[in-house]
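Quantities reported herein were computed from a predicted structural model and do not represent experimental measurements.
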Amino acid sequence: VILRWWKISCRNKFCESGPGECKESLEDFLGDSSLQIQIAIVFGAQVLEHVRNLCQGNYDLLERLPVPLILYIISFLELEDIARLSQVSRRYNMICNGNAVWEKIVEKLCDTITPEMKERGQEMGWKQFFFTNRLQLQLRRKSQKQ
């Protein structure tokens, strides 16, 4: 763990001071409560907890994936799998229920998307647009059979 800092001051006595640096091994960092307190004060408790988890080897790579990569992976999933993925975490819930995912789903399932459809999808949200149109299509098919 490397912590670097700079002193910024209008006072002349700090004018010549250069940056400071503290380097510790992962094990030493976990045992150094004063350094951990400094990190918590400057960066906050969440950052400190994240650094501790990294030092202990506890990190979730799935949560660290960039959104474009997650969207690419989601593009290969079935609707049921997307619904399950949305239950993994708050982050995945927001991504799976977001307009970007549902716009891609609509584009994948529709032969053509007219400008009116695109405008309607953006107005009402692509997920609602998808389920509204799917329900209407199923009702039309059912009435045609009868």
Side-chain angles (χ1 to χ4, degrees), residues 1-9 14 17-146:
V1 176
I2 302 171
L3 176 65
R4 292 188 177 118
W5 65 88
W6 293 263
K7 289 184 181 179
I8 300 172
S9 176
F14 293 118
S17 67
E21 181 177 271
C22 178
K23 292 183 182 181
E24 290 196 11
S25 69
L26 302 180
E27 296 81 22
D28 290 342
F29 172 77
L30 290 172
D32 188 346
S33 61
S34 65
L35 181 57
Q36 290 183 36
I37 290 170
Q38 288 177 6
I39 289 177
I41 290 169
V42 174
F43 298 106
Q46 287 182 326
V47 170
L48 174 60
E49 190 60 32
H50 179 69
V51 172
R52 279 187 190 146
N53 285 331
L54 289 174
C55 290
Q56 295 168 343
N58 302 328
Y59 46 89
D60 186 357
L61 294 176
L62 190 61
E63 284 294 322
R64 312 270 316 147
L65 288 176
V67 172
L69 180 58
I70 295 169
L71 293 173
Y72 179 72
I73 292 168
I74 289 173
S75 72
F76 295 99
L77 299 178
E78 298 292 327
L79 292 176
E80 291 174 9
D81 298 324
I82 294 172
R84 286 188 193 111
L85 183 62
S86 74
Q87 297 172 354
V88 167
S89 68
R90 286 184 187 148
R91 180 175 188 237
Y92 277 85
N93 185 291
M94 289 180 65
I95 293 169
C96 290
N97 290 305
N99 272 333
V101 169
W102 288 96
E103 183 176 7
K104 294 292 181 193
I105 290 170
V106 170
E107 287 174 356
K108 191 166 123 178
L109 296 176
C110 291
D111 295 332
T112 57
I113 296 181
T114 65
E116 293 82 21
M117 290 171 65
K118 196 166 204 119
E119 184 180 325
R120 185 98 167 121
Q122 289 170 347
E123 282 176 9
M124 68 188 312
W126 285 101
K127 184 176 182 178
Q128 184 177 352
F129 177 82
F130 171 80
F131 284 108
T132 302
N133 287 334
R134 190 167 195 176
L135 180 62
Q136 288 174 352
L137 182 61
Q138 288 172 347
L139 291 173
R140 271 192 231 134
R141 286 182 185 164
K142 190 174 184 178
S143 66
Q144 287 173 353
K145 288 180 184 179
Q146 292 173 351

Practice problem: Check the pair L54, Y59 against side-chain contact (heavy atoms from CB on, under 4.5 Å), reporting the backbone distance first and the verdict last. | Solution: CA-CA 6 Å; L54 289 174; Y59 46 89; 3.8 Å; yes
Exercise. Mind running side-chain contact (heavy atoms from CB on, under 4.5 Å) on F29 and V51 for me, showing each step along the way?
Key: CA-CA 10 Å; F29 172 77; V51 172; 3.6 Å; yes
Self-check item: Trace of the side-chain contact (heavy atoms from CB on, under 4.5 Å) decision for L71 with K104
Solution: CA-CA 9 Å; L71 293 173; K104 294 292 181 193; over 6 Å; no
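Atom CD of Q36 and atom CG of L30 lie 6.5 Å apart (nearest 0.5 Å). A distance of 10.5 Å separates CD in Q128 from CG in N99, rounded to the nearest 0.5 Å. The distance from the CD1 atom of I105 to the SG atom of C96 is 8.5 Å, given to the nearest 0.5 Å. Here OG of S86 is found 11.0 Å from CG of D81. Values are rounded to the nearest 0.5 Å.
The salt bridge (charged side-chain N to carboxylate O under 4.0 Å, His left out) contacts involving residues 117-129 comprise E103-K118, where partners must be two or more places apart or lie in separate chains. Sorted by first then second residue, the salt bridge (charged side-chain N to carboxylate O under 4.0 Å, His left out) pairs that include residues 34-54, not counting sequence neighbours, are E49-R52. A salt bridge (charged side-chain N to carboxylate O under 4.0 Å, His left out) check over residues 24-43, counting only residues at least two apart or in different chains, returns nothing. For the salt bridge (charged side-chain N to carboxylate O under 4.0 Å, His left out) condition, no pair includes a residue of residues 67-78, sequence neighbours left out.
Every residue two or more places apart in sequence or in another chain was checked for a side-chain contact (heavy atoms from CB on, under 4.5 Å) with M94, and none qualifies. Evaluation of the salt bridge (charged side-chain N to carboxylate O under 4.0 Å, His left out) rule for R90 yields no partner, not counting sequence neighbours. With sequence neighbours left out, Q46 forms a side chain to side chain donor-acceptor pair (under 3.5 Å) with no residue at all. Under the rule for a ring pair (Phe, Tyr, Trp, His ring centres under 6.0 Å), the partners of Y72 that lie at least two apart in sequence or sit in another chain are F76. Residues that satisfy the salt bridge (charged side-chain N to carboxylate O under 4.0 Å, His left out) test with K108, not counting sequence neighbours, are absent from this structure. Partners of W102 under the ring pair (Phe, Tyr, Trp, His ring centres under 6.0 Å) rule, at least two apart in sequence or in another chain, are F130, F131. Residues meeting the salt bridge (charged side-chain N to carboxylate O under 4.0 Å, His left out) test with E21, sequence neighbours left out: R4, K23. Not counting sequence neighbours, Y92 has no partner by the ring pair (Phe, Tyr, Trp, His ring centres under 6.0 Å) test.
Looking at I73 and L85, their side chains never come closer than 4.5 Å, going by heavy atoms from C-beta outward.
A pairwise comparison of heavy atoms in E63 and R91 identifies O-NH1, 2.6 Å as the closest pair. Closest approach of V101 and I74 over heavy atoms only: CG1-CG2, 3.8 Å.
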